There are 2 protein chains.
Amino acid sequence: MLTHPQIEHCPLFRDLSTEDRAYALTYFDSKTRTYEKGDFLHQVSFPLQRFGLVLSGSVQVYMDDIDGHHIIMAHVEPGGLFGESYAFLGIDAPIYICAVSEAEILWMSPHRIKAPVSPVSQLDQELSNRFVACLASRTLQMNQRIQILSRNTLRTKLITFLSQYATEKGDSFTIPFDRASMAAYLGSDRSALSRELSRMQAEGILTYHRNHFRILK
Amino acid sequence: MLTHPQIEHCPLFRDLSTEDRAYALTYFDSKTRTYEKGDFLHQVSFPLQRFGLVLSGSVQVYMDDIDGHHIIMAHVEPGGLFGESYAFLGIDAPIYICAVSEAEILWMSPHRIKAPVSPVSQLDQELSNRFVACLASRTLQMNQRIQILSRNTLRTKLITFLSQYATEKGDSFTIPFDRASMAAYLGSDRSALSRELSRMQAEGILTYHRNHFRILK
DNA sequence: AAAAGTCCGTTGCTTTTGCAACGGACTTTT
DNA sequence: AAAAGTCCGTTGCAAAAGCAACGGACTTTT
């Protein structure tokens, strides 16, 4: 797992020397495990002892609402984390996690953040800070999502969603969702989404093919 | 501020002895300040050095979206926190915070979480853990909000919203929003919301008056 | 006490959206 | 190669929702 280039993209491990990274893996008491496409990494209402870092493949996090609908909470690509909050709090996680494709996961424990082993080295403190920073960043990400979902028409939700991608990746980008997932992510209906995308393409606002988009205006 | 009973409701200070609580205030380098109704506690794009604890009154946190619409991110009552993520990350906060009523705020710095002063006492560690737990809990709260906003009809959003309150407070409760804020919180239109509430009352699902609700079915 | 302001329900109208169903393009399986 | 499966665009229709405007109840100001 040390050789996974993806690990560089994770703020937890970025810019660490090889020794420091090896230390970090023990600090978080890490274990890797691979999953086949469609496997469940976690089931609803089990405590999540560890949080995960996606090394390869991708996973999606879901919740069920009161009526039994599946709500997609997150799509996690290599370098991305999931479950940090539940793992830190040590509570039952009302989520389930599913491998979108064959995936390799680094499972890590936040135990030493909560109960540091003295003496606390500078690296220990740095790793702790990075973990907390990941928690804080997560709320910023969720703010972005709430911004999208707070808009009251599908058109404006779409514009907000695509603008966020465009801000980060430029005018041409690929999203990690198929239409159905994208509609769920936007809190909308798949056919309504297809219709709206068609309209926007007809109006010359953007072009797209499947999950690749190019913003024109 | 030591005498504010509200402080007991904050997970940061709950169940601390009087001395420990006094120590906590210095640990977080706390300062209090009062605001008049309508005052801004923070303006967009300024770094947030400290996070806030509402001692009395209430505040609301807003963001502006791309088109200049105001999105309500949070309503914070006595005992509630705001701005922890931005304060910890030390970044510009794209939010503004406004006093809904005359409000007394305890401003606290997360500095010693990031850079502990040795020797780190057991209480230091406890306070650090509590702060991180607040960050983690924040993401759970936001998950609740996303659950509401992900529903694709106003009726189901309302049911989800009200069910969350009913789960926490029982069948009869008062919400901290007027209609306009409630509609913004649900990502909807005020008149559409009024209309839907009327219908649900006519159907015998609930009764309400202003911001007080009673769930019947 | 009058005036101004706030909050909220109501309603008419138009647009948007959800929903269900169908079919085509493409991929995977057998 | 046929069959089955997946993904997505399209469309018709009915329901939902946005929008704008009005008026009543109530509160605050002057």
Side-chain angles (χ1 to χ4, degrees), chain A residues 36-38 60 65 67-72 75 98 100-102 148-161 174-203 205-213, chain B residues 36-38 58 60 65 67-72 75 98-102 148-161 174-203 205-213:
Chain A
E36 296 301 311
K37 176 176 178 175
Q60 287 186 338
D65 63 33
D67 304 353
H69 293 90
H70 308 314
I71 298 177
I72 181 167
H75 176 99
C98 186
V100 175
S101 57
E102 185 181 343
I148 294 168
L149 290 169
S150 291
R151 305 308 303 269
N152 49 17
T153 67
L154 178 50
R155 167 73 67 117
T156 51
K157 281 182 190 168
L158 250 176
I159 290 175
T160 306
F161 174 78
T174 301
I175 66 172
F177 300 112
D178 61 24
R179 279 289 169 285
S181 298
M182 186 180 175
Y185 192 81
L186 297 177
S188 176
D189 175 78
R190 184 189 62 80
S191 73
L193 174 57
S194 275
R195 178 168 42 204
E196 196 61 40
L197 282 171
S198 282
R199 279 189 201 139
M200 291 172 74
Q201 189 166 48
E203 292 175 28
I205 297 175
L206 50 77
T207 61
Y208 63 94
H209 177 70
R210 297 253 168 174
N211 60 341
H212 184 83
F213 293 82
Chain B
E36 295 303 311
K37 176 176 177 175
S58 60
Q60 287 186 337
D65 64 30
D67 305 353
H69 294 89
H70 308 313
I71 299 176
I72 182 166
H75 176 98
C98 187
V100 175
S101 58
E102 185 182 343
I148 295 168
L149 290 170
S150 291
R151 305 308 304 269
N152 49 18
T153 68
L154 178 51
R155 167 74 67 116
T156 51
K157 281 181 191 170
L158 249 176
I159 290 175
T160 307
F161 174 78
T174 300
I175 65 172
F177 300 112
D178 60 24
R179 279 289 170 285
S181 298
M182 186 180 176
Y185 192 81
L186 298 177
S188 176
D189 175 77
R190 183 189 62 81
S191 73
L193 174 57
S194 274
R195 178 167 43 201
E196 195 62 39
L197 282 171
S198 281
R199 280 190 201 138
M200 291 172 73
Q201 189 164 48
E203 292 175 27
I205 298 175
L206 50 78
T207 62
Y208 63 95
H209 177 70
R210 298 253 168 173
N211 59 343
H212 184 83
F213 292 83

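Just so it is clear: chains get the letters A, B, ... in the order the sequence lines come, proteins before strands, and each one is counted from 1. Since we're looking at a predicted model, the values are computed, not measured.
Contacts of A:Tyr208 with the nucleic acid, taken as non-hydrogen atoms under 4.0 Å apart, involve only primed sugar atoms and P, OP1 or OP2.
In the region residues 193-200 of chain B, proximity to DNA chain D at under 4.0 angstrom, judged on heavy atoms, holds for B:Arg195, B:Glu196. Within residues 149-160 of chain A, the residues having any heavy atom under 4.0 Å from DNA chain C are, by residue number, A:Thr153, A:Leu154, A:Arg155.
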(request) Sugar-phosphate means primed atoms, P, OP1 and OP2; the rest is base. With that split, encode nucleotides 20-29 of chain D 5' to 3' as B, S or - using protein heavy atoms under 4.0 Å. (result) BB--------
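Rounded to a whole Å, the CG atom of A:Leu186 is 17 Å from the P atom of C:dT16. Atom CD in A:Gln201 sits about 9 Å away from atom P in D:dG9, given to the nearest Å.
With rounding to the nearest 0.5 angstrom, the CD1 atom of A:Ile205 is 11.0 Å from the CZ atom of A:Arg199. Distance check, rounded to the nearest 0.5 Å: CD1 of A:Ile159 to CD1 of A:Ile148 gives 12.0 Å.
Among all heavy-atom pairs drawn from A:Asn152 and B:Ser188, the shortest one is ND2-O, 4.0 Å. The minimum heavy-atom distance between A:Cys98 and A:Gly38, with the atom names listed, is SG-O, 3.7 Å. Nearest heavy-atom pair across B:Lys157 and B:Gly187 is NZ-O, 3.6 Å.
The salt bridge (charged side-chain N to carboxylate O under 4.0 Å, His left out) test applied to A:Glu36 returns no partner, not counting sequence neighbours. Remark: A:Ser194 pairs with no residue by the side-chain hydrogen bond (donor to acceptor under 3.5 Å, both in side chains) rule, at least two apart or across chains. Considering only residues two or more places apart in sequence or on other chains, B:Phe177 meets the ring-ring contact (aromatic ring centres under 6.0 Å, His included) condition with B:His75, B:Tyr185. Checked against side chain to side chain contact (heavy atoms under 4.5 Å, CB included), B:Leu158 has the following partners two or more places apart in sequence or in another chain: B:Leu162, B:Met182, B:Leu186, B:Leu193, B:Glu196, B:Leu197, B:Met200. Shown here are the side chain to side chain contact (heavy atoms under 4.5 Å, CB included) partners of B:Thr174, two or more places apart in sequence or in another chain: B:Asn211, B:His212. For A:Arg210, there are no side chain to side chain contact (heavy atoms under 4.5 Å, CB included) partners, not counting sequence neighbours. Under the side chain to side chain contact (heavy atoms under 4.5 Å, CB included) criterion, A:Thr207 pairs with A:Gln201, A:Arg214, A:Leu216, sequence neighbours left out.
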(message) As a check on the pairing definition, encode DNA chain D in dot-bracket form, counting Watson-Crick and G-U wobble pairs whose two distances are under 3.5 Å, and using | for partners outside this strand.
(response) ||||||||||||||||||||||||||||||
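The stretch residues 186-195 of chain B participates, sequence neighbours left out, in no salt bridge (Lys or Arg N to Asp or Glu O under 4.0 Å) pair at all.
Heavy-atom distances to DNA chain D give each of A:Ala180 and A:Ala192 a nearest nucleotide, and the one nearer the 5′ end belongs to A:Ala180.
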